[in-house]
**Student:** 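Sharing a structure with you now.
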Amino acid sequence: MCAILGMLIAASLRTQGNIRRNYGVAGMRFDELAGLYQGKSRENDRLRLQIENLEKKNTDLLNTMAAGTSETSAINKELQEAKFLAGLTELEGSGLTVTLRDSQKKDVDTDLMDIQAYIIHDLDIRDITNELKAAGAEAVSVNGQRLTATSAIRCAGPVILVNDVDVAAPYVIKAVGEPKTLESALRMRGGIVERLPDPKMIEIQQSQKVGIEPFSGSRQFRYAHKVED
């Protein structure tokens with residue numbers, strides 16, 4: 001037992017050293033790193049809010065400009081429609097809200113694989129969002145992060161990244177579409193609801209008014225270019 005404990009301590013020290021070297025934080029304590037991470041998170045939140053405000057101002061300016069002539073009005077109408085389809089505007093409609101939580105069961109077998117089954121993973125969120133889209137969902141968000149054509153959902157240690165933004169449980173998935181159809185897709189035989197080991201891990205609520213936030217991440221393309229006629 002002493003030998004195993006020594007190996008674990010040595011591995012922990014090596015891991016801490018690698019983190020400090022690889023991420024340029026050599027000499028910093030982990031409480032200092034935690035403070036640095038919280039500061040960066042607050043800065044990201046501030047920048048996302050700034051982006052949202054600039055987007056709103058841009059839309060207001062375009063609407064003001066479009067009031068001048070019929071040509072600019074038509075162009076602005078097409079632009080706003082394109083932004084709507086691209087997920088850049090807030091919308092609402094009938095749909096449902098799916099809430100996912102880790103299981104609170106205490107009688108779970110201590111085997112690691114069994115314990116992992118009682119935790120919500122990125123794969124569970126991807127399965128649900130894909131099923132909702134296949135069932136006709138017109139807009140989907142995860143913890144306020146709007147899913148678009150370039151969105152990704154992946155695991156990053158203790159959190160899940162959606163649009164490169166870390167989200168944690170409970171995971172709230174909102175979808176706009178025909179409520180009964182969307183819920184039926186999740187509850188079908190052999191579907192996501194049946195696959196979860198604890199029915200309390202998922203809660204589905206239909207609503208006639210579900211609000212979906214706009215996408216606020218980066219929209220710049222570095223490698224893709226439009227094909228000219």
**Student:** Tell me whether R154 is salt-bridged to D164, with the criterion being a basic N under 4.0 Å from an acidic carboxylate O.
**Tutor:**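 Between D164 and R154 there is a salt bridge, with a charged N closer than 4.0 Å to a carboxylate O.
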
**Student:** For G95 and L182, which heavy atoms make the closest approach, and how far apart are they?
**Tutor:**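 Closest heavy-atom pair between G95 and L182: CA-CD1, 4.4 Å.
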
**Student:** Take V167 and L161 through the test side-chain contact (heavy atoms from CB on, under 4.5 Å) and record every step on the way to the result.
**Tutor:** CA-CA 6 Å; V167 298; L161 293 182; over 6 Å; no

**Student:** How close do T99 and P170 get, counting heavy atoms only, and between which atoms?
**Tutor:**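 That would be CG2-CB, 4.1 Å.
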
**Student:** As an exercise, state the distance from CD of E228 to NZ of K226, rounded to the nearest 0.5 Å.
**Tutor:**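 Those atoms lie 4.5 Å apart.
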
**Student:** Are V165 and F215 in one and the same hydrophobic cluster, where Ile, Leu, Val, Met, Phe, Trp and Tyr link if side-chain heavy atoms are under 4.5 Å apart?
**Tutor:**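 No.
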
**Student:** Please say yes or no: joined through hydrophobic side-chain contacts below 4.5 Å, possibly via intermediate residues, are I120 and L132 part of one cluster?
**Tutor:**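 Yes, I120 connects to L132 through the hydrophobic network.
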
**Student:** Are L85 and I212 co-members of a hydrophobic cluster defined by side-chain heavy atoms under 4.5 Å apart?
**Tutor:**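 Hydrophobic grouping puts I212 with L85.
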
**Student:** To the nearest 0.5 Å, what is the distance between CG on L186 and CD on E131?
**Tutor:**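 With rounding to 0.5 Å, CG (L186) is 6.5 Å from CD (E131).
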
**Student:** What heavy-atom pair brings E194 and G190 nearest, and what distance separates the two atoms?
**Tutor:**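 Scanning both residues, the minimum pair turns out to be OE1-N, 2.9 Å.
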
**Student:** What's the spacing between E178 CD and S94 OG if we round to 0.5 Å?
**Tutor:**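 Atom-to-atom, E178:CD and S94:OG are 6.5 Å apart.
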
**Student:** Can you tell me if N143 uses its side chain to pair, donor with acceptor, with the backbone of A168 under 3.5 Å?
**Tutor:**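 Yes: the side chain of N143 pairs with the backbone of A168.
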
**Student:** Just by modelled atom types, is the I153 backbone N or O under 3.5 Å from a matching donor or acceptor in the R126 side chain?
**Tutor:**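 Yes: the side chain of R126 pairs with the backbone of I153.
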
**Student:** To the closest 0.5 Å, what do you measure between OH (Y118) and NZ (K200)?
**Tutor:**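 Rounded to the nearest 0.5 Å, the OH-NZ separation comes out at 13.0 Å.
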
**Student:** For L147, is there any backbone N or O sitting under 3.5 Å from a side-chain donor or acceptor partner on N163?
**Tutor:**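 Not at all, since once roles are kept as given, no pair shorter than 3.5 Å links the two residues.
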
**Student:** Start with the C-alpha gap between L91 and R146, add the side-chain angles, then the distance that decides, and say whether side-chain contact (heavy atoms from CB on, under 4.5 Å) holds.
**Tutor:** CA-CA 11 Å; L91 58 81; R146 179 76 166 270; 3.2 Å; yes

**Student:** Hey, is K174 close enough to E213 for a salt bridge, meaning N to O under 4.0 Å?
**Tutor:**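 Salt bridge: yes.
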
**Student:** Can you get from L196 to V193 by hopping between Ile, Leu, Val, Met, Phe, Trp and Tyr side chains that sit under 4.5 Å apart?
**Tutor:**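 L196 clusters together with V193.
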
**Student:** List the atom of A175, the atom of V210, and the distance in Å for their closest heavy-atom pair.
**Tutor:**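 Closest approach of A175 to V210, heavy atoms only: O-CG1, 4.1 Å.
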
**Student:** Compare every heavy atom of V140 with every heavy atom of K133, then report the nearest pair and how far apart it is.
**Tutor:**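 Closest heavy-atom pair between K133 and V140: CG-CG2, 4.3 Å.
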
**Student:** Check the hydrophobic clustering (I, L, V, M, F, W, Y; side-chain heavy atoms under 4.5 Å; chains of links allowed) and say if V172 and V176 are grouped together.
**Tutor:**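 No, V172 does not connect to V176 through the hydrophobic network.
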
**Student:** As a test of understanding, state which of V159, V162, I160 forms a side chain to side chain contact (heavy atoms under 4.5 Å, CB included) with D122.
**Tutor:**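 Output: one option passes, namely I160.
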
**Student:** Judged by atom type as modelled, is there a donor-acceptor pair below 3.5 Å linking the side chain of T148 to the main-chain atoms of G87?
**Tutor:**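 No, the answer is negative, given that no donor and acceptor are paired below the 3.5 Å cut-off.
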
**Student:** Please check: side-chain N/O of H121 versus main-chain N/O of Q116, any donor-acceptor pairing under 3.5 Å?
**Tutor:**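 Such a contact is found between H121 side chain and Q116 backbone.
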
**Student:** Between atom CD1 of I192 and atom CZ of R187, what is the distance when rounded to the nearest 0.5 Å?
**Tutor:**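 I192 CD1 to R187 CZ: 12.0 Å, rounded to 0.5 Å.
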
**Student:** So for atom CD, which belongs to Q205, do other residues, nucleotides or ligands contribute more than 12 heavy atoms lying within a distance under 6.0 Å?
**Tutor:**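 Counting other residues, nucleotides and ligands, CD of Q205 stays at 12 neighbours or fewer.
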
**Student:** Take T97 and I173, measure what side-chain contact (heavy atoms from CB on, under 4.5 Å) needs, and give me the verdict at the end.
**Tutor:** CA-CA 6 Å; T97 300; I173 302 173; over 6 Å; no

**Student:** Please report the shortest heavy-atom distance between P197 and A117, naming the atom on each side.
**Tutor:**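 Looking at all heavy atoms of both residues, the shortest contact is CG-O, 3.2 Å.
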
**Student:** Going through the distances and angles, do D127 and R195 end up as a salt bridge (Lys or Arg N to Asp or Glu O under 4.0 Å)?
**Tutor:** CA-CA 11 Å; D127 285 346; R195 293 202 303 270; 3.2 Å; yes

